[in-house]
Amino acid sequence: MYAYEANQDLLKEKVILITGAGDGIGKTLALSYAKHGATVILTGRTVAKLERVYDEIEQKGFPQPAIIPLNLEGASETDYLKISEVIENEFGQLDGLVLNAAILGSLTSVEQYEAEVWQQVMQVNVNSSFLLTKALLPTLQKAKHASVIFTTSSVGRKGRAFWGAYAVSKFACEGMAQVLAHELEEKDHTGIRVNTINPGATRTNMRANAYPAENPMSHPAPGDIMPLYLYLMGNDSIGTTGQSLDAQG
Ligand code: NAP
């Protein structure tokens with residue numbers, strides 16, 4: 001596991017948006033960031049799940065979160081601009097963005113892959129990250145030390161048979177992060193840092209869908225992989241940008 005011990009107040013006074021915050025890694029991330037003092041903006045497509053995360057954060061006495069329903073498959077550029085407007089008006093700041101939501105699509109050969117599913121995976125996993133990041137950049141740029149985290153995968157660093165659009169989409173996220181990191185790099189480290197995290201095999205619905213026969217308990221829970229997510233979001237990682245890192249070390 002990535003070794004990092006986060007200070008309790010690491011994210012105090014930071015406002016952080018997380019996509020896919022209703023379940024899996026995104027849900028744990030929201031709770032963990034809130035526990036370390038952040039105001040988290042929960043986005044996702046299933047509002048009931050976001051509400052449960054919201055309630056849990058409130059019950060624990062962490063900073064009051066916010067919910068912005070967002071289906072990455074159908075959202076238009078105008079929808080993303082509206083989100084940016086809401087964040088400007090409600091919070092006046094944005095210090096962090098975690099592009100976490102993704103779908104698996106089909107696990108099949110390129111030859112057999114349905115074009116419609118391919119497009120859907122690219123829309124949710126790649127195009128939405130471009131549109132959301134683009135819309136939020138002006139607000140992120142106003143923060144002193146903003147951090148953007150793309151979530152990738154081992155199959156987005158080395159291609160693997162039958163992982164189709166999912167693997168290709170994760171390569172694209174690695175590429176987008178590198179392009180953005182390069183564009184935003186500043187010598188005095190006051191710019192936005194942009195990095196990718198490969199969570200590694202983690203006990204979530206996505207993992208269970210990809211490997212239905214395996215024992216879920218053989219992999220770490222989302223809570224176990226938080227150290228790298230905390231490190232990259234907090235100010236201890238100022239100066240780290242353009243890196244592709246592994247949450248499980
Ligand atoms: P998960 O349990 O399936 O959770 C994915 C989240 O994304 C869910 O909250 C889901 O919402 C949301 N989402 C899916 N489609 C959406 C859409 N169209 N609009 C908005 N939200 C949408 O997956 P996970 O395992 O936590 O994965 C999180 C990230 O880690 C992903 O980027 C994944 O590729 C990556 N990853 C995971 C593993 C692993 O072993 N788990 C390994 C490598 C990489 P609903 O709850 O409404 O479905």
Side-chain angles (χ1 to χ4, degrees), residues 1-2 17-32 40-54 56 67-76 79-80 83 97-107 117 119-132 148-160 163-174 176-177 195-212 214-226 228-229 232 244-249:
M1 217 51 70
Y2 191 86
L17 187 145
I18 300 163
T19 67
D23 213 336
I25 295 168
K27 172 185 176 178
T28 303
L29 205 46
L31 283 155
S32 174
V40 288
I41 303 173
L42 313 167
T43 74
R45 64 179 166 182
T46 312
V47 175
K49 287 187 184 180
L50 299 175
E51 284 172 349
R52 282 197 287 272
V53 180
Y54 182 104
E56 200 172 329
I67 291 178
I68 302 183
L70 173 64
N71 185 337
L72 300 170
E73 199 182 329
S76 68
D79 296 321
Y80 291 103
I83 290 175
L97 170 63
V98 187
L99 300 152
N100 162 78
I103 52 172
L104 202 52
S106 307
L107 297 178
V117 178
Q119 301 277 15
Q120 185 189 21
V121 172
M122 297 307 276
Q123 189 62 28
V124 173
N125 297 9
V126 184
N127 299 342
S128 73
S129 293
F130 154 66
L131 290 166
L132 184 59
V148 176
I149 298 173
F150 283 82
T151 314
T152 61
S153 165
S154 54
V155 297
R157 293 183 181 161
K158 187 172 185 343
R160 200 181 304 157
W163 279 79
Y166 179 82
V168 174
S169 75
K170 296 300 187 180
F171 269 97
C173 289
E174 291 281 352
M176 201 181 335
N195 297 285
T196 74
I197 294 182
N198 165 25
T202 309
R203 204 183 312 150
T204 66
N205 289 338
M206 181 183 281
R207 179 74 197 184
N209 289 334
Y211 295 91
E214 76 180 9
N215 175 6
M217 298 313 283
S218 60
H219 298 298
D224 300 326
I225 62 162
M226 289 299 111
L228 180 60
Y229 284 91
L232 284 182
S244 295
L245 300 168
D246 291 293
Q248 297 189 29

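Keep in mind it's a predicted model, so treat the numbers as computed, not measured. One-based numbering, in listed order, for ligands and for the atoms of each.
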**OP:** Find out whether Lys49 and Lys27 are in side-chain contact, i.e. whether some heavy atom of one side chain is under 4.5 Å from a heavy atom of the other.
**Re:** no

Original post:
Measuring from the heavy atoms of Lys170, does anything fall under 4.0 Å of ligand 1?
Top reply: yes

Original post:
When only distance counts, is Ile25 in polar contact with ligand 1, meaning an N/O pair under 3.5 Å?
Top reply: yes

**OP:** Show which atoms of ligand 1 fall inside a sub-4.0 Å distance from at least one heavy-atom site of Leu70.
**Re:** 19 (N), 20 (C)

Original post:
Looking at atom 42 (C) of ligand 1, what's its closest protein heavy atom, distance included?
Top reply: Gly200 O, 3.5 Å

Subject >> Contacting atoms of ligand 1, where contact means under 4.0 angstrom from a heavy atom of Asn205 >> reply: 2 (O)

Original post:
Relative to the heavy atoms of Ala101, which atoms of ligand 1 are at a distance of less than 4.0 Å?
Top reply: 7 (O), 12 (C), 13 (N), 21 (N), 22 (C)

Original post:
What are the atoms of ligand 1, with element, lying closer than 4.0 Å to any heavy atom of Ile103?
Top reply: 14 (C), 15 (N)

Original post:
So, do Asp23 and Asn205 sit near enough that their side-chain heavy atoms are less than 4.5 Å apart?
Top reply: yes

Original post:
Which residue owns the protein heavy atom closest to atom 30 (O) of ligand 1, what's the atom, and how far is it?
Top reply: Thr151 CG2, 3.3 Å

Subject >> Distance-minimising heavy-atom pair for Ile18 and Ala21 >> reply: O-CB, 3.8 Å

Subject >> Separation between OG of Ser169 and CZ of Phe171, rounded to the nearest 0.5 Å >> reply: 10.5 Å

Original post:
Between CD1 of Ile41 and OG1 of Thr19, what distance do you get to the nearest 0.5 Å?
Top reply: 12.5 Å

**OP:** Show the numbers, then the answer: is there a side-chain contact (heavy atoms from CB on, under 4.5 Å) between Met226 and Tyr229?
**Re:** CA-CA 5 Å; Met226 289 299 111; Tyr229 284 91; 4.2 Å; yes

Original post:
Any idea which atoms of ligand 1 are less than 4.0 Å away from a heavy-atom of Asn100?
Top reply: 28 (C), 29 (C), 31 (C), 32 (O)

Original post:
Identify the closest protein heavy atom to atom 48 (O) of ligand 1: which residue and atom is it, and at what distance?
Top reply: Arg45 NH2, 2.8 Å

**OP:** Between Val124 and ligand 1, find which residue part has any heavy-atom pair under 4.0 Å and reply side chain, backbone, both or neither.
**Re:** side chain

Subject >> Side-chain touch Phe150/Leu97, heavy atoms, less than 4.5 angstrom >> reply: no

Original post:
Which of the atoms in ligand 1, numbered in the order shown and given with their element, are less than 4.0 Å from a heavy-atom of Thr152?
Top reply: 43 (C), 44 (C)

**OP:** Look at atom 3 (O) of ligand 1 and say which protein heavy atom is nearest, naming residue and atom and giving the distance to 0.1 Å.
**Re:** Met206 CB, 3.5 Å

Original post:
Should Ile103 and Tyr166 be marked as a side-chain contact (heavy atoms from CB on, under 4.5 Å) after you check the CA-CA gap, both sets of side-chain angles, and the distance that decides it?
Top reply: CA-CA 7 Å; Ile103 52 172; Tyr166 179 82; over 6 Å; no

Original post:
Given that the side chain starts at C-beta and the backbone is N, CA, C, O, which of these parts of Thr46 lies under 4.0 Å from ligand 1, counting heavy atoms, or is it both or neither?
Top reply: both

Subject >> Side-chain touch Ile225/Met1, heavy atoms, less than 4.5 angstrom >> reply: yes

Original post:
Who's the nearest protein heavy-atom neighbour of atom 43 (C) of ligand 1, and how far?
Top reply: Pro199 CD, 3.7 Å

**OP:** Measure the CG-CG distance between Leu99 and Asn125 for me, rounded to the nearest 0.5 Å.
**Re:** 11.0 Å

**OP:** Could you check atom 8 (C) of ligand 1 against the protein and tell me its nearest heavy-atom contact, residue, atom and distance included?
**Re:** Asp23 CB, 4.0 Å

Original post:
What part of Leu104, side chain, backbone, both or neither, has a heavy atom within less than 4.0 angstrom of ligand 1?
Top reply: neither

Original post:
Do the side chains of Val168 and Trp163 get nearer than 4.5 Å, heavy atoms only?
Top reply: no

Original post:
Should you measure from each heavy atom of Ala102, which atoms of ligand 1 turn up under 4.0 Å away?
Top reply: 7 (O), 14 (C), 31 (C), 32 (O), 34 (O)

**OP:** For residues Thr202 and Gln248, determine if any side-chain heavy atom of one lies less than 4.5 Å from a side-chain heavy atom of the other.
**Re:** yes

**OP:** Could you name the option among Ser153, Gly20, Ser169 that has the heavy atom nearest to atom 6 (C) of ligand 1?
**Re:** Gly20

Original post:
What do we get for His219 next to ligand 1 when only non-hydrogen atoms under 4.0 Å count, side chain, backbone, both or neither?
Top reply: neither

Original post:
Which atoms of ligand 1 are found less than 4.0 Å from any heavy atom of Lys49?
Top reply: 45 (P), 46 (O), 48 (O)

Original post:
Between Arg45 and Val124, is a side-chain contact (heavy atoms from CB on, under 4.5 Å) present by the stated rule, with each step listed?
Top reply: CA-CA 11 Å; Arg45 64 179 166 182; Val124 173; over 6 Å; no

**OP:** Pick, from Leu72, Asn198, Thr19, the option with the minimum heavy-atom distance to atom 17 (C) of ligand 1.
**Re:** Leu72

Original post:
Hey, what do you get for CG (Asp246) to OG (Ser153), rounding to the nearest 0.5 Å?
Top reply: 10.0 Å

Subject >> Protein contact of atom 24 (P) of ligand 1 - nearest heavy atom, named by residue and atom, plus distance >> reply: Thr204 OG1, 3.6 Å

Original post:
Got the closest protein heavy atom to atom 18 (N) of ligand 1, with its distance?
Top reply: Asn71 OD1, 2.9 Å

